Amino acid sequence: MKPPAAEKPKLVKTAELPLPKPVRPGSIPQLLRGMKDILPVDAFYWKNVREKFEELAEFFGYMPIETPIMEPRDLFVRGVGKQTDIVEKEMYTFVDQGGESIALRPEMTASIARAYIGHGMVNMPQPLKFFYFGPAFRHDRPQAGRYRQFHQAGFEAVGDAHPIVDAELISMAWAFFKDLNLPVTIQLNSIGCTVCRGAYKSKLVDYYKTKKGALCAACRERLTRSPLRLLDCKEPGCEAIKEGAPQMFDHLDEACHNHFFKVVEYLDDLNLPYALNPHIVRGLDYYNRTVFEIWPEAAPSAVQQASAEGSAPVETEENKPSTPAQSSLGGGGRYDGLVEALGGRPTPAAGFAIGLERVILLLKAKNPAPADGKATQVFLAQLGEAARRKALVLLHALRSELKVASALYKDGLKPQLEIANRLGARYTVIIGQKEVLDDTAIVRDMEAGMQEVVPFGKVAVDLKRRFGIVETSPSPSVGGERKESDTT
Ligand code: HAM
């Protein structure tokens with residue numbers, strides 16, 4: 001007899017989906033709770049932080065990789081762990097039009113492991129080092145620095161079990177914050193391997209059972225479902241209990257102990273500010289041996305964070321003060337079993353990811369008005385349609401070497417000069433009707449208040465010379481015949 005066909009997931013047309021809340025006709029669509037617009041005013045912070053990551057990745061030989069935002073739900077169930085908060089409570093999932101169960105990625109490590117297996121990277125020289133930057137999604141309770149869409153930058157080294165890989169990764173995370181002048185501490189632990197952790201878990205459960213009456217409801221559940229997470233509880237009553245709990249350090253088997261000892265030795269050589277913290281267990285199931293988190297040296301207060309966000313510093317549920325652990329800036333560790341758990345060959349690996357929003361909140365609290373990148377060097381002002389056309393051509397001729405600004409859509413000279421002043425342009429090029437007829441332009445030195453008339457075809461060379469940019473090949477004529485300089 002044929003086995004019964006697997007039940008196909010029921011398809012729901014988007015148009016048939018119920019609207020969870022009635023929408024008032026004509027109302028303005030609102031940002032979803034826990035989501036955030038990244039506005040131009042913050043662009044400098046994002047660019048700066050991204051560049052720092054890219055420099056770090058290049059220096060340590062991590063290659064850029066991008067994986068999709070949507071993945072099969074099963075990837076995270078198997079990768080991150082069925083019983084983790086992330087998979088059980090926080091993952092955005094849906095069934096698509098083809099009946100596939102999809103998740104918006106809550107993190108990227110499982111995706112990297114999937115890509116590593118799927119593209120046969122096991123056959124390439126190991127380890128493979130990946131760097132990524134992008135959004136992730138978790139339906140968590142929003143708080144200051146905790147969003148439902150947030151961005152991570154991450155580094156994964158797949159294919160090498162040596163403890164120097166762990167230490168190098170930790171040193172990279174530390175170097176990132178050092179370069180940004182943000183004081184952090186590295187919270188370090190080892191959670192051993194499946195074998196020694198198994199024995200440790202039994203001891204932990206025995207200890208906690210004696211305190212069961214004093215545990216919070218979540219911890220009573222953790223006792224049977226995920227005992228290691230007992231060590232992660234932030235409830236005041238449970239905090240006190242965990243101080244007396246047995247520690248994993250004392251239960252590592254010889255190989256795990258030696259591995260951890262080596263990592264610590266390497267970090268000591270670098271003088272890194274790490275703290276051994278037996279309560280770092282991480283919220284994802286794939287870790288083994290080394291685990292770590294990056295905490296701000298002092299957790300930013302809600303008020304500091306809210307004012308960095310540009311909002312009124314009123315304390316609400318959503319911006320209530322966070323403990324260092326809650327505002328962990330980054331975290332990672334070794335995950336030697338993940339590739340195998342997803343169907344690949346046994347492959348050691350380690351990595352970490354940093355939460356961008358949290359880094360930027362700290363940077364903003366520290367330096368609320370950063371100087372924008374490169375200052376405007378030249379402003380192009382024009383008067384009349386023919387001048388506008390010439391200014392557009394000149395703009396492109398200068399683009400590759402100078403920081404040039406313009407307001408070609410403006411008609412009057414006055415508003416354009418005001419913009420030039422506001423931007424602090426060193427020179428303003430003015431093309432008016434007379435200049436169009438003469439095929440010239442006025443180059444005004446904004447500091448000295450002097451100006452010269454320059455043949456239009458020589459303006460680009462003239463400006464570059466003023467900024468000390470030496471022409472290596474004859475500059476192409478810009479928008480007209482070349483004439484000898486007749487500057488006055
Ligand atoms: P994770 O600790 O879950 O680790 O996340 C890393 C960082 O992402 C956190 O330390 C935090 O800065 C940021 N983050 C997490 N959730 C949120 C949120 N809701 N809002 C804002 N920021 C958040 C991982 O995701 C692992 N994949 C890291 C890793 C890479 N392990 C090995 N390789």
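Each ligand, and each atom within it, is numbered from 1 in the order the structure gives. Remember, it's a predicted structure, so these values are computed and weren't measured experimentally. In this chain, numbering begins with 1 at the start of the sequence shown.
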### Message
Please enumerate all residues that pass salt bridge (charged side-chain N to carboxylate O under 4.0 Å, His left out) together with Lys262, with sequence neighbours excluded.
### Response
Glu265

### Query
Just checking, any donor-acceptor pair under 3.5 angstrom between side chains of Ser111 and Glu71?
yes

### Message
Closer than 4.0 Å to some heavy atom of Gly331 - which atoms of ligand 1 meet that?
### Response
10 (O), 28 (C), 29 (C)

### Ion pair Asp140/Arg146, N-O distance below 4.0 Å
yes

### Task
Indicate yes or no: does an N/O atom of Tyr287 lie under 3.5 Å from an N/O atom of ligand 1?
yes

### Task
Can you see which heavy atom on Ile280 is nearest to which on Asn189, and at what distance?
O-ND2, 2.8 Å

### Query
Could a heavy atom of Gly154 be found less than 4.0 Å from some atom of ligand 1?
no

### Query
Any non-hydrogen atom of Arg282 lying under 4.0 Å from ligand 1?
yes

#### Entry: ligand 1 atoms in contact with Glu156 (distance to a heavy atom under 4.0 Å)
30 (C), 32 (C), 33 (N)

### Nearest option to atom 11 (C) of ligand 1, as decided by whichever heavy atom of Ser328, Ala144, Ser327 sits closest
Ser328

### Any N or O of Gly330 closer than 3.5 Å to N or O of ligand 1
yes

### Task
Of all the heavy-atom pairs spanning Leu252 and Ser190, show the shortest one and how long it is.
CD2-OG, 3.4 Å

### Message
Please check whether Glu357 reaches ligand 1 - meaning an N/O of the residue sits under 3.5 Å from an N/O of the ligand, judged on distance alone.
### Response
no

### Query
Can you tell me the protein heavy atom closest to atom 23 (C) of ligand 1 and the distance?
Phe150 CD1, 3.4 Å

### Pick from Gln152, Met108, Arg105: the one approaching atom 24 (C) of ligand 1 most closely through a non-hydrogen atom
Gln152

### Query
Would the Phe260 and Phe249 ring centres measure less than 6.0 Å apart?
yes

### Message
I need the contact type for Ile294 against ligand 1. Using non-hydrogen atoms and a strict under-4.0 Å cut-off, is it side chain, backbone, both or neither?
### Response
neither

### Task
Check whether any heavy atom of Asp140 sits under 4.0 Å from an atom of ligand 1.
no

### Query
Going by the atom numbers of ligand 1, which of them fall below 4.0 Å from some non-hydrogen atom of Ala353?
6 (C), 7 (C), 28 (C), 29 (C), 30 (C)

### Query
Between Tyr274 and Asp268, is any side-chain donor less than 3.5 angstrom from a side-chain acceptor?
yes

### Query
Residues two or more places apart in sequence or in another chain: which of them pass side chain to side chain contact (heavy atoms under 4.5 Å, CB included) with Pro127?
Asp160

### Message
Do the side chains of Glu293 and Arg282 get close enough for a salt bridge, i.e. N-O under 4.0 angstrom?
### Response
yes

### Query
Given Phe292, which of Asn277, Val263, Ile170 fulfils the side-chain contact (heavy atoms from CB on, under 4.5 Å) condition?
Ile170

### Task
Output the list of atoms in ligand 1 that are nearer than 4.0 Å to some heavy atom of Phe352, sorted by atom number.
29 (C), 30 (C), 32 (C), 33 (N)

### Task
May I ask you to check if ligand 1 and Ile86 share an N or O to N or O distance below 3.5 Å?
no

### Task
Return the orientation label for the Phe155 and Tyr62 ring planes: parallel under 30°, perpendicular over 60°, tilted otherwise.
perpendicular

### Query
With atoms numbered from 1 as shown, which atoms in ligand 1 lie under 4.0 angstrom from a non-hydrogen atom of Gly145?
20 (N), 21 (C), 22 (N)

#### Entry: Side-chain H-bond candidate by donor/acceptor type, Tyr286 with Thr109, under 3.5 Å
yes

### Query
Should you measure from each heavy atom of Gly332, which atoms of ligand 1 turn up under 4.0 Å away?
31 (N)

### Query
Which atoms from ligand 1 have a heavy atom of Gly351 less than 4.0 Å away?
30 (C), 31 (N), 32 (C), 33 (N)

### Query
Considering only protein heavy atoms, which is closest to atom 20 (N) of ligand 1, and at what distance to one decimal place?
Tyr147 N, 2.9 Å

### Query
For ligand 1, is there an N or O atom under 3.5 Å from any N or O atom of Gly355?
yes

### Task
Indicate the ring-plane relationship of Phe53 and Phe176, choosing parallel, tilted or perpendicular according to the 30° and 60° boundaries.
parallel

### Summary
protein heavy-atom neighbour closest to atom 26 (C) of ligand 1 works out as Tyr286 OH, 3.3 Å

### Query
Could you state the interatomic distance from CZ (Phe94) to CG (Leu104), rounded to the nearest 0.5 Å?
6.0 Å

## Note on the structure
In ligand 1, the atoms that come under 4.0 Å of a heavy atom of Glu107 are 25 (O), 26 (C), 27 (N)

### Message
With nothing but distance in play, are any N or O atoms of Arg138 less than 3.5 Å from an N or O of ligand 1?
### Response
yes

